[in-house]
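Right, one structure below, let's go through it.
The structure presented is a predicted model; accordingly, all values stated were derived computationally and were not measured. Along the sequence shown, residues are numbered consecutively beginning with 1.
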Amino acid sequence: MARVRNWQIQREMEYPFPESRPHRQFAAVFDLNKCIGCQTCTMACKTTWTVGKGQEYMQWNNVETKPYGGYPMGWDVRILEKLGPQPWEGTTYTGKTIFEAAPPGENVLGYLKEDLDWAYSNAGEDEAAGSLDRGAYETMPTHKLWFFYLPRICMHCTYPACLAACPRQAIYKRPEDGIVLVDQNRCRGYRECVKACPYGKVLFNPVLRISQKCIGCYPAVEQGIQPRCVTTCIGKIRLMGFLSKPDEAKADRPMDFLVHARKIALPLYPQLGLEGNIYYIPPVNVPREFLRQMFGPGVDHAIESYLKGKEDPELLGLLHLFGDTKEIIETFKVFPGPQEAAGYDKKGREIVRVPFKEPDYLRPFYDAQVGVYRHNIS
């Protein structure tokens, strides 16, 4: 085992291969306060990538309901139970990662998902935690019911568990953008990657007898276009870009700003040790204890900063750019004059500009020019 630096847990850890970061790291931020669970992202991914034989139950993108939903079923509960206690001291994780807790002879602590685990992707949908002692139709000032939607794709980890576990080295991380892919010519379907991935994002195709997974829509990314799940999102909760290491972060780059500068976007289960590159703005309506287990010790700061967004024009401007262009925003800028936010491509060309507040237009009830009455005049 090599010693590598994992900035999400603020320490070095064990990993089967030496640290080898890509030139640029594919990353995305999902705002969980805006996800409505419509599954448009899921269907966009499904119709684009998983319509072949053996892919009937595959969802490279899925949206599950927390706390009771999961695809594959119980993926998070099961791996957290196997991992055991996960203590933090401040922002440093002092427990074991899934690489450090691996049993003798294996590189990763994991479990092999069963076929039926993949068959009920909407189990637990819209189920809330807690209970009411009266009818749910009543408004109760202290009621504790809550749930939220968690959209998930492959994390395209800096230290992928699937790559660490593959005996044929059929899984690789692209040096140009950090997207993790399966070489389907080398894969022999041993399913060690399926067993190893704690997020359940490597799937087995029983017809082709090989593993398959989210490819980060790399053909689009190579053309400067964001992935399908990002561009089709109805709620505009997603933004894809490229993330730097903390010591190389630049505040005018969207991912760096959200993850490193403002620290409102957090990794999913950082204690697992993979340094995943899909980040989440935590939901403000969920008990903090649950969120701290899920996103680490930065939850309180993230939520407080998000709720004070009106006092932070740069943050508010960047949040307005979510979902407003298909192109990858390499840098952004906020203008205080008329309050606007603009995004630029890698050549510095402006590709999108949005106002903080849309202008209001009042049209006449009767339009004499075309001789019609309008029911909606604003």
Side-chain angles (χ1 to χ4, degrees), residues 1 4 6-9 11 13-17 27-28 30 58-64 66-88 93-103 105-118 121 123-124 150-167 171 173 178-182 190-204 211-214 216 266-280 290-296:
M1 287 280 193
V4 298
N6 184 325
W7 67 263
Q8 291 180 356
I9 61 175
R11 67 171 175 85
M13 67 172 198
E14 295 180 355
Y15 187 68
F17 303 102
F30 297 174
M58 280 192 187
Q59 292 184 9
W60 292 355
N61 177 107
N62 74 288
V63 181
E64 56 199 54
K66 291 301 178 190
Y68 296 125
Y71 173 82
M73 192 176 296
W75 65 272
D76 46 358
V77 174
R78 295 172 71 177
I79 191 60
L80 293 176
E81 285 180 343
K82 289 180 71 69
L83 186 57
Q86 299 135 47
W88 293 79
Y93 176 61
T94 57
K96 291 184 177 181
T97 68
I98 61 172
F99 306 110
E100 296 163 338
E106 297 189 22
N107 289 337
V108 186
L109 173 71
Y111 73 95
L112 189 60
K113 292 76 175 172
E114 300 177 5
D115 291 345
L116 287 179
D117 290 342
W118 308 97
S121 58
L150 181 70
R152 297 198 303 117
I153 63 174
C154 172
M155 306 295 281
H156 297 284
C157 306
T158 302
Y159 304 112
C162 56
L163 186 156
C166 180
I171 299 178
K173 189 172 177 66
I179 292 175
V180 177
L181 300 176
V182 179
Y190 299 146
R191 293 192 287 179
E192 290 297 323
C193 53
V194 179
K195 178 182 177 182
C197 178
Y199 301 106
K201 281 301 170 184
V202 185
L203 301 91
F204 180 68
S211 294
Q212 297 178 319
K213 62 178 291 295
C214 159
L266 306 175
L268 179 61
Y269 293 118
Q271 64 267 39
L272 298 177
L274 285 72
E275 198 180 297
N277 289 296
I278 305 300
Y279 295 83
Y280 296 88
F290 186 88
L291 294 178
R292 291 190 194 103
Q293 181 198 43
M294 204 167 203
F295 301 112

Exercise for the section: Rounded to the nearest 0.5 Å, what's the gap from CG on L83 to CD on E81? Could you check? Expected result: 11.0 Å
Problem - Whether Q212 side chain and V182 backbone form a donor-acceptor pair below 3.5 Å - result: no
Problem - Distance, nearest 0.5 Å, that separates CG of L266 from CZ of R292 - result: 12.0 Å
Handout entry: Heavy-atom check, side chain of Q8 versus side chain of Y93, under 4.5 Å
Key = no
Practice task
Is it possible for you to check whether K66 lies under 6.0 Å from the centre of the six-membered ring of Y68, through NZ or CZ, and within 45° of that ring's axis?
Solution key: no
Exercise for the section: Any chance you could lay out the side chain to side chain contact (heavy atoms under 4.5 Å, CB included) test for N62 and K201, step after step, and finish with the verdict? Expected result: CA-CA 10 Å; N62 74 288; K201 281 301 170 184; 2.6 Å; yes
Practice task
Take atom NZ of K96 as the centre, draw a 6.0 Å sphere, and report whether it contains more than 12 heavy atoms from other residues, nucleotides or ligands.
Solution key: no
Practice task
Carefully, step by step, assess L80 and Q271 under the rule side chain to side chain contact (heavy atoms under 4.5 Å, CB included).
Solution key: CA-CA 10 Å; L80 293 176; Q271 64 267 39; 4.1 Å; yes
Practice task
Report yes if the side chains of Y280 and R152 come closer than 4.5 Å at any heavy-atom pair, otherwise no.
Solution key: yes
Problem - Closest non-hydrogen atom pair between P72 and W118, with its separation - result: CD-CZ3, 3.5 Å
Exercise for the section: Any chance you could measure M1, atom CE, to E14, atom CD, to the nearest 0.5 Å? Expected result: 6.0 Å
Practice task
May I ask you to decide whether R78 forms a salt bridge with D117, counting only side-chain N to carboxylate O separations under 4.0 Å?
Solution key: yes
Handout entry: P270 versus I9, closest heavy-atom pair with distance
Key = O-CG2, 3.3 Å
Residues 153-164 side chain polar contacts: donor-acceptor under 3.5 Å, at least two apart:
from	atom 1	to	atom 2	distance (Å)
H156	ND1	V180	N	3.0
T158	OG1	E275	O	3.3
T158	OG1	E275	OE2	3.1
T158	OG1	N277	ND2	3.3
Y159	OH	R5	O	2.6

Practice task
State, yes or no, whether a side-chain contact exists between Y71 and V63 at a heavy-atom distance under 4.5 Å.
Solution key: no
Exercise for the section: Measure the acute angle between the ring planes of W75 and Y269, then classify it against the limits of 30° and 60° as parallel, tilted or perpendicular. Expected result: perpendicular
Fill in the blank from the handout: One should read off an interatomic distance between W60 CH2 and L203 CG, to the nearest 0.5 angstrom, of 9.0 Å
